[in-house]
Amino acid sequence: MPIPIIAQGIQDGIGSIPYAWSAIKIAPWLLVIAALKYYFGGARNTSERLMHSKVVMVTGGTSGIGANVVRELAARGAQVILLTKQPPSDLFLVEYIDDLRRTTKNQLIYAEQVDLSSLYSIRTFATKWIDNTPPRRLDAVVLCGGAAVPTSARKNTEDGLDEEWQVNYLANFHLLSILSPALRVQPAHRDVRVIFATCASYIGATFDLDTVQRGKGAPATSAKNTSKPKTATPSTKGIYALSKFSLMTFAHSFQRHLNAYARPDGLPPCTRVLVVDPGLSRTPGTRRWLTGGSLWGLLLYLLTWPLWCLVLKSPQQGAQSILYAVMEESYARGEGGWLIKECREVDCARRDVRDEELGKRLWEFSEKQIEAAEKEGAVRRALEKKEKEAAEKRQVRKETASGKEKSAGSRRSRKGNKN
Ligand SMILES: NC(=O)c1ccc[n+]([C@@H]2O[C@H](COP(=O)([O-])OP(=O)(O)OC[C@H]3O[C@@H](n4cnc5c(N)ncnc54)[C@H](OP(=O)(O)O)[C@@H]3O)[C@@H](O)[C@H]2O)c1
């Protein structure tokens, strides 16, 4: 088909072919757009690692980049444990897992409820996980769960902490601190990896922990109080960047912590930490952030969608560097603590994330923050339980009293009274 057209163009001139000049004018633009799309799409993971029999724990595996990581790992035969905000009985989750199992032909996909905005929920799951003899197998922990909250929707969690700070950083600190023994006892021949998802915003972070002190920001919106979330105080600005910076600093501290462990068998540690920047992607999280969580923002986003489609990666493309970090063979050796971007190791733009002193300060701060929040949470739960029990007792008393009244007025009881 193109050959006769080209021949006609040569013989009779380009003008003889309908729309030829228009096509010639448009073609370079189409090529530029295709080149830009290819460029912004980023690198593809070409690493292969046998994932059969590997146990992978994933946070944020129900949406965006994490969902694509899960799909790919499941398709390669890994056993996937999704840590989700919703309980495993949630209808959406049941359907999601059914679909994953069907499309990946892998039945080994499970869910455990872990709400990253609740320290109690994390502790409940993690203590249950480590309380097992022999220790459970764990080959990778992929931490994709995250929150990028628009200013208008900022709120504190039930633990009195800024949501972004808790979900992006403190939850990961808490989870890994408790899971640490389970990682350290894995057999020495096992190649265990902990993958942290970061974001380039860490480069501009100011390390000021005052902004994330408990009680700062807007109050929590609990299930009982689902009214519109209050606007945050100005001090919450930059918390997303700080959470990612802290996450990276913690990643290095955690690697040092794992490396310092003297195994009873005298063999070197087998767990390595990798930090991954997946690159800007068109995920629900990015959309929420770009639209500012408003309808006007959504309208503007839809109108400018071709631009986002061009410059942002698809969630599948965003997942590539994380998959590379999970699968690349060469990371089975070495000290750990690498930063991966576009499926290759890159230098960190902030040297201070490797600073041991800073890491220690952050670790102590996080431990104290968790301790205080957990103590308060325990008291709150005990009070709530007491109140619930008292209310139940009151209800039972009320029901017995009304039952007595009824039986006092019945024929049989009247007869009984006469006798
Ligand atoms: N997208 C980007 O452009 C980009 C760029 C650089 C780095 N990253 C990083 O990559 C990671 C994934 O980003 P994404 O854009 O794919 O995220 P996303 O689409 O917003 O998905 C976030 C995931 O985290 C889960 N999550 C949120 N709050 C949770 C909670 N309280 N408890 C349990 N799970 C919770 C969500 O679960 P539900 O679905 O149940 O809400 C969802 O599965 C994040 O760490 C992000 O910072 C993303």
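Ligands are counted one by one from 1 in listed order, and the atoms in each one are counted from 1 as well.
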Enquirer: Could you tell me if any non-hydrogen atom of Asn168 lies under 4.0 Å from any atom of ligand 1?
Expert: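 So Asn168 does not count as touching ligand 1.
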
Enquirer: Heavy-atom pairs closer than 4.0 Å: do any link ligand 1 to the side chain of Tyr240, the backbone, both, or neither?
Expert: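 The side chain, only.
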
Enquirer: Is Arg344 positioned over the aromatic face of Tyr331, cation under 6.0 angstrom from the ring centre and no more than 45 degrees off axis?
Expert: no

Enquirer: To the nearest 0.1 Å, how far is atom 17 (O) of ligand 1 from its closest protein heavy atom, and which atom is that?
Expert: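 In this structure, atom 17 (O) of ligand 1 has Thr283 OG1, 4.4 Å as its nearest protein heavy atom.
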
Enquirer: Do ligand 1 and Gly66 have nitrogen or oxygen atoms that lie under 3.5 Å from each other?
Expert: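 Checking ligand 1 against Gly66, no N or O pair falls under 3.5 Å apart.
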
Enquirer: What is the nearest protein non-hydrogen atom to atom 23 (C) of ligand 1, stated with its residue, atom name and distance?
Expert: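 Its nearest protein heavy-atom neighbour is Gly60 CA, 3.5 Å.
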
Enquirer: Name the closest protein heavy atom to atom 45 (O) of ligand 1, giving the residue it belongs to and the distance to 0.1 Å.
Expert: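 It is Lys244 NZ, 3.0 Å.
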
Enquirer: Considering only non-hydrogen protein atoms, determine which one is nearest to atom 39 (O) of ligand 1 and report residue, atom name and distance to 0.1 Å.
Expert: Thr62 OG1, 3.2 Å

Enquirer: Decide whether the shortest distance between a heavy atom of Ala67 and an atom of ligand 1 is less than 4.0 Å.
Expert: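 Under 4.0 Å: no for Ala67.
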
Enquirer: Atoms of ligand 1 less than 4.0 Å from Thr286 heavy atoms?
Expert: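 Near Thr286, the atoms of ligand 1 are 1 (N), 2 (C), 3 (O).
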
Enquirer: Relative to the heavy atoms of Val114, which atoms of ligand 1 are at a distance of less than 4.0 Å?
Expert: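 Those atoms are 32 (N), 33 (C).
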
Enquirer: Among all protein heavy atoms in this structure, tell me which lies nearest to atom 48 (C) of ligand 1, with the distance rounded to 0.1 Å.
Expert: Ile65 CD1, 3.9 Å

Enquirer: Under a heavy-atom criterion of less than 4.0 Å, does Cys144 contact ligand 1?
Expert: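 True for this residue.
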
Enquirer: Arg123 and Thr127: which non-hydrogen atoms are nearest, and at how many Å?
Expert: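 What the structure gives for the nearest pair is O-OG1, 2.5 Å.
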
Enquirer: Out of all atoms in ligand 1, which are within 4.0 Å of some heavy atom of Pro284? Include the element for each.
Expert: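 Counting from 1, the qualifying ligand atoms are 19 (O).
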
Enquirer: Given that the side chain starts at C-beta and the backbone is N, CA, C, O, which of these parts of Pro278 lies under 4.0 Å from ligand 1, counting heavy atoms, or is it both or neither?
Expert: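 The answer is the side chain of Pro278.
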
Enquirer: Examine the proximity of ligand 1 to Ser63 and report which part, side chain or backbone, both or neither, has a heavy atom under 4.0 Å away.
Expert: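 It is both backbone and side chain that touch ligand 1.
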
Enquirer: Quick test of your reading of the model: are Arg102 and Asp99 salt-bridged, counting only N-O distances below 4.0 Å?
Expert: yes

Enquirer: What residue and heavy atom of the protein are closest to atom 7 (C) of ligand 1, and at what distance?
Expert: Thr198 O, 2.8 Å

Enquirer: Could you tell me the residue and atom name of the protein heavy atom closest to atom 26 (N) of ligand 1, and the distance to it rounded to 0.1 Å?
Expert: Gly146 O, 4.2 Å

Enquirer: Compute the centroid of each ring, for Trp165 and then for Tyr240, and state whether the two points are separated by less than 6.0 Å.
Expert: no

Enquirer: Specify side chain, backbone, both or neither for Lys313, according to which of its non-hydrogen atoms lie closer than 4.0 Å to ligand 1.
Expert: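 Neither part.
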
Enquirer: How does Leu83 reach ligand 1, by side chain, by backbone, by both or by neither, if only non-hydrogen atoms under 4.0 Å count?
Expert: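 No part of Leu83 is near ligand 1 at this cut-off.
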
Enquirer: Name the orientation class of the two ring planes belonging to Tyr301 and Trp308 (parallel below 30°, tilted from 30 to 60°, perpendicular beyond 60°).
Expert: parallel

Enquirer: Tell me which protein heavy atom sits closest to atom 32 (N) of ligand 1, plus the residue, atom name and distance to 0.1 Å.
Expert: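 Here the closest protein heavy atom is Leu116 N, 2.8 Å.
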
Enquirer: Can you sort out which atoms of ligand 1 are near Gly279, meaning under 4.0 Å from one of its heavy atoms?
Expert: 2 (C), 3 (O), 4 (C), 5 (C)

Enquirer: Give the numbers and elements of all ligand 1 atoms closer than 4.0 Å to a heavy atom of Leu280.
Expert: 3 (O)

Enquirer: Looking at Gly145, which atoms of ligand 1 are within less than 4.0 Å of one of its heavy atoms?
Expert: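 Here the atoms of ligand 1 in question are 24 (O), 45 (O).
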
Enquirer: Would you check whether Arg288 reaches within less than 4.0 Å of ligand 1, judged by its heavy atoms?
Expert: no

Enquirer: Hey, which atoms in ligand 1 end up nearer than 4.0 Å to a heavy atom of Gly64?
Expert: 16 (O), 19 (O)

Enquirer: Starting at OG1 of Thr198, measure out to CG of Leu143 and round the result to the nearest 0.5 Å.
Expert: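 It comes to 11.5 Å.
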
